[in-house]
Amino acid sequence: MCFLCVACVAWGCSHQDEEAGVVATVNGDPIYYDELKFTFDLANYGRTHEISSNSEAFRKEFGAALSDLIVVELIEQELEKKDLAVTDAEFDNASDHIFAGYGSKDRNVILHEENIDREMWERSLRRDLAFEKFLQAVIDPTLTVEVSEAAQYYKDHPEVFQQPRRIRFYFFQGPSENLLMEAAQLTLQAKSGDSSLPKSMEHIHREELFLSLDRIPKEWIEPIEQSRTLHKPIVFKTDMGVQGFVFIDDTPEQTLDAAKAFPVSEHAVLETKRKLAFSKWLAGVVQAADIAVSRHLLPDFSIANIVHDQADFKNEAERSFPDSAREQRNDDQAHALSSLPEKSP
């Protein structure tokens, strides 16, 4: 959600708030440093050291993480007003789905092994669910996609409907070749990802993937093709441990015709309208929000830059919008972000 940015900021959290770990407040609700650090680390997983060594990149990414937290806080407040807050049942269902691939392994153990704080992870998941629920329950009901709009998108974006060859396969990683081979053979015999591995194989990671060739790591392609031609699992040692592959099937390169492409076109137009509608909603709600950010944390947290980033995102959405639909938009939306006033300290 890097595109989610705040457009109005009042500076100067109190000294007491900063001592308590508060880095920002949104209509009086606090955002804590621990939440900001977790969000920053999650968004930059594998790049933290690289970014930390570049002060400009660090400030930019840290500011983006704070912007995301502020926007989601506004979303959660809106859901609360509409009595649509994420429920415990919705959270539990999403959490169960995420951990389903780990079998019966204890969740606390899984998170500990991944060096993830459970409280922070659960808070992050609730934010993700709130954002998606806001789009589905608040934004989507205001949107419609005409057949002509979907048809125009299909005409304007032929490259979207040229599908490369895609391969469906299982990737395995585990502690030993013998155990991994046994798990791969069980999967191949079952011919379905629904079959769970026995408890003795709980330390084996198994993942079903369906990827185009350009998205498959080069070093994986050869063993996948071997599995395809030999009709058996391929298991071997690597620097990352023992890995294995089971080829399932593939889809040849093809171009979708207009009828088959309609759901894709419809979804693309809907996503573009979502972005534009969300930008308009955000511009309005930020005008009325009371947002304060610690001047010590991000002294360069520029209002002008954030508004510019938001406008770039809006313009990107407009560029992908079918001409016929773009003409139907109200002109005032084009100025929704650029006209935002700046709050005084």
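Side chains included, hydrogens not; waters and symmetry mates left out as well; all remaining heavy atoms used. Here the structure is a predicted model, which is why all the values come from computation and not from measurement.
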>> Given L179, which partner from the list E177, M181, E182 fulfils the side-chain contact (heavy atoms from CB on, under 4.5 Å) test?
In response: E182

Show me the side-chain donor-acceptor pairs of residues 235-245 shorter than 3.5 Å, one per line, residues at least two apart or across chains.
from	atom 1	to	atom 2	distance (Å)
T238	OG1	M240	N	3.0
T238	OG1	G241	N	3.4
T238	OG1	G241	O	2.8
Q243	NE2	Q173	OE1	3.4

>> Angle between ring planes, F278 versus F131, binned at 30° and 60°: parallel, tilted or perpendicular?
In response: perpendicular

> In terms of ring plane angle, is the pair Y154 and F161 parallel, tilted or perpendicular, where the classes change at 30° and 60°?
Replying inline: tilted

> Under the 4.5 Å side-chain heavy-atom rule for ILVMFWY, direct or indirect, which residues accompany V147?
Replying inline: F262

>> For M120 and D34: C-alpha separation, side-chain torsions, deciding distance, then whether side chain to side chain contact (heavy atoms under 4.5 Å, CB included) applies.
In response: CA-CA 8 Å; M120 289 292 103; D34 288 347; 4.2 Å; yes

>> Under a 3.5 Å distance rule, please check whether S294 uses its side chain to pair with a backbone N or O of V23 as donor and acceptor.
In response: no

> Atom CG of D96 and atom CZ of F91: how far apart are they, to the nearest 0.5 Å?
Replying inline: 9.5 Å

>> K199: which residues meet the side chain to side chain contact (heavy atoms under 4.5 Å, CB included) condition with it, sequence neighbours left out?
In response: S104, E202

>> More than 12 heavy atoms of other residues, nucleotides or ligands under 6.0 Å from NZ of K232: yes or no?
In response: no

>> For the backbone of I110 and the side chain of K105, can you confirm whether one donor and one acceptor N or O come within less than 3.5 Å of each other?
In response: no

> Counting distance only, does the side-chain N/O of E90 pair as donor-acceptor with the main-chain N or O of A130 below 3.5 Å?
Replying inline: no

>> Is it the case that the side chain of T187 and the backbone of A183 share a donor-acceptor pair, with hydrogens and angles ignored and the cut-off at 3.5 Å?
In response: yes

>> Just checking E122: does its CD atom have more than 12 heavy atoms from other residues, nucleotides or ligands closer to it than 6.0 angstrom?
In response: yes

> Do I234 and L188 share a hydrophobic cluster (ILVMFWY, side-chain heavy atoms under 4.5 Å, transitive)?
Replying inline: no

> Does the side chain of L69 come within less than 4.5 Å of V26's, by heavy atoms?
Replying inline: no

> Which pair of non-hydrogen atoms, one from N27 and one from A288, has the smallest distance, and what is that distance?
Replying inline: OD1-O, 4.5 Å

> Is there a side-chain contact between L143 and L270, using heavy atoms and a 4.5 Å cut-off?
Replying inline: yes

> Any side-chain heavy-atom pair from V160 and L256 closer than 4.5 angstrom?
Replying inline: no

> Is the Lys NZ or Arg CZ of R206 less than 6.0 Å from the centre of F172's six-membered ring, within 45° of the axis?
Replying inline: no

>> Taking atom CG as the centre, does D29 end up with more than 12 heavy-atom neighbours from other residues, nucleotides or ligands that are less than 6.0 angstrom away?
In response: yes

> Partners of E80 by salt bridge (Lys or Arg N to Asp or Glu O under 4.0 Å), sequence neighbours excluded?
Replying inline: none

> Taking C-beta and beyond as the side chain, do E35 and R127 meet within less than 4.5 Å on heavy atoms?
Replying inline: yes

> So does E113 pair up with R107, basic N to acidic O under 4.0 Å?
Replying inline: no

> Any link between L180 and L197 through a network of hydrophobic side chains (Ile, Leu, Val, Met, Phe, Trp, Tyr) touching at under 4.5 Å?
Replying inline: yes

> Does the side chain of E266 reach to within under 4.5 Å of the side chain of V269, using non-hydrogen atoms?
Replying inline: no

>> Using the ring-ring contact (aromatic ring centres under 6.0 Å, His included) criterion, which residues pair with F169? Sequence neighbours excluded.
In response: none

> Considering residues at least two apart in sequence or located in another chain, which fulfil the side chain to side chain contact (heavy atoms under 4.5 Å, CB included) criterion with L42?
Replying inline: F38, S124

>> Under the rule for side-chain hydrogen bond (donor to acceptor under 3.5 Å, both in side chains), what residues qualify as partners of D214, not counting sequence neighbours?
In response: S212

> Can you name the side-chain hydrogen bond (donor to acceptor under 3.5 Å, both in side chains) partners of D106, sequence neighbours left out?
Replying inline: none

>> Closer than 4.0 angstrom, basic N to acidic O: yes or no for E271 and K275?
In response: no

> Taking side chain as C-beta onward, heavy atoms only, is I167 less than 4.5 Å from R165?
Replying inline: yes

> Between D88 and R126, does at least one N-O distance fall below 4.0 Å, as a salt bridge requires?
Replying inline: yes

>> Could you check whether D250 pairs with R168 (Lys NZ or Arg NE/NH1/NH2 to Asp/Glu carboxylate O, under 4.0 Å)?
In response: no

>> Tell me which pairs pass ring-ring contact (aromatic ring centres under 6.0 Å, His included) where either residue lies in residues 94-125, with sequence neighbours left out.
In response: F99-W121

> Does D92 have any side-chain hydrogen bond (donor to acceptor under 3.5 Å, both in side chains) partners at least two apart in sequence or in another chain, and if so, which?
Replying inline: none

> Of all residues at least two apart in sequence or in a different chain, which pass the side-chain hydrogen bond (donor to acceptor under 3.5 Å, both in side chains) check with R123?
Replying inline: E76

> Can E149 and K273 be said to form a salt bridge (Lys or Arg N to Asp or Glu O under 4.0 Å), step by step?
Replying inline: CA-CA 11 Å; E149 293 175 317; K273 287 190 173 186; 3.1 Å; yes

> Is the shortest heavy-atom distance from the side chain of R274 to the side chain of L135 under 4.5 Å?
Replying inline: yes

> What pairs with E114 under side chain to side chain contact (heavy atoms under 4.5 Å, CB included), at least two apart in sequence or on another chain?
Replying inline: I116

